[in-house]
Amino acid sequence: MKQELVKAAQEALQQAYAPYSGYRVGAAVLAGQDVFKGVNIENASYGLTICAERSAVAAAISSGARQIQGVAIAVEIGAPSPCGACRQVLREFGTDFPVYLVAGDGAVRETTIKLLLPGSFGPEFLAKEDNH
Ligand code: THU
C-alpha cells in the first residue's frame, strides 16, 4: 500500500494548480481497491483555495467510497504537514489509517490522524450514526 500511495501522490503533484504560491501538493487516498488522487487548486480569490488532501478525499467520497485505508501527501520542497482543516476532513473517515508524508527528497514519514489531531471531534460524537 505504501509504495502505491507514495507514487500516486508524487504523480498527482505534477497536476497541482498553484499559480499563486508555487507550492505544489499532491495527495492520494486508498479506498477499497482504488487510489484517488487530489491536488491543491488555488484561486484568484485566495481564500477559496482547496488543499490536495481535501480534493483527494472529495474524489474518493464522490466515487461512493466510505472507508479510507491510507493516505499519502507529497510536496516538492521540504516535508508536508497537512493543514488543520485537512486533518479534520481526513479524521471524518478514521483516526488510525496510515498517513504517509512524502518529502521533496523522497523521504517518507508515517503517521496517523490520531497523532496529527489529538483529542479530535468526529462522527461518533453525534447521535445519528445512520447519517453516514
Ligand atoms: N496546501 C495543501 O494543498 N495542503 C496542505 O496541507 C497545506 C497547504 C496548499 C494550499 C495552497 O495551495 C498551498 O499549499 C500553499 O498554502
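All heavy atoms count here, side chains included; hydrogens, waters and symmetry mates do not. Indexing begins at 1, ligand by ligand and atom by atom, following the structure's order.
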contact_flag Ala18 ligand 1 heavy-atom lt 4.0 Å: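 Flag not set, Ala18 not near ligand 1.
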Residue-ligand contact Cys86/ligand 1, heavy atom below 4.0 Å: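 The answer is no, since Cys86 has no heavy atom less than 4.0 Å from ligand 1.
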Minimal non-hydrogen separation, Phe36 against Ser63, with atom names: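 That would be CZ-OG, 3.1 Å.
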Top protein contact for [atom], by heavy-atom distance:
atom: atom 12 (O) of ligand 1; answer: Glu42 OE2, 2.5 Å
atom: atom 16 (O) of ligand 1; answer: Tyr23 CD2, 4.7 Å
atom: atom 3 (O) of ligand 1; answer: Ala52 N, 2.9 Å
atom: atom 10 (C) of ligand 1; answer: Thr49 CG2, 3.8 Å
atom: atom 8 (C) of ligand 1; answer: Cys51 SG, 4.0 Å

Closer than 4.0 Å: a protein non-hydrogen atom to atom 6 (O) of ligand 1: yes
Side-chain heavy atoms under 4.5 angstrom apart, residues restricted to Ile, Leu, Val, Met, Phe, Trp, Tyr: same cluster for [X] and [Y]?
X: Leu90; Y: Val75; result: yes
X: Val108; Y: Val99; result: no
X: Ile113; Y: Val71; result: yes
X: Leu13; Y: Val35; result: no

Pro80 and ligand 1 - part of the residue with a heavy-atom distance under 4.0 Å: neither
Selected option - heavy-atom contact closest to atom 4 (N) of ligand 1, from Arg54, Arg87, Arg24, Glu53: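 Considering heavy atoms of Arg54, Arg87, Arg24, Glu53, the nearest to atom 4 (N) of ligand 1 sits in Glu53.
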Shortest reach to atom 9 (C) of ligand 1 by a heavy atom, considering only Asn43, Asn40, Leu13: Asn40
Within 6.0 Å of CD in Gln67, more than 12 heavy atoms from elsewhere: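 Atom CD in Gln67 is not packed in, count stays at 12 or less.
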Flag for Arg87-Ser81: side-chain donor and acceptor within less than 3.5 Å: yes
Between Gln88 and Ser120: side-chain donor-acceptor atoms closer than 3.5 Å: no
Per-atom contacts of ligand 1 with Ser81, taking only distances under 4.0 Å to non-hydrogen atoms: 6 (O)
Where ligand 1 meets Pro82 - atom numbers and elements under 4.0 angstrom, heavy-atom basis: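 Within the 4.0 Å cut-off of Pro82, ligand 1 contributes 6 (O).
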Parallel, tilted or perpendicular: rings of Tyr17 and Tyr20 (30°, 60°): perpendicular
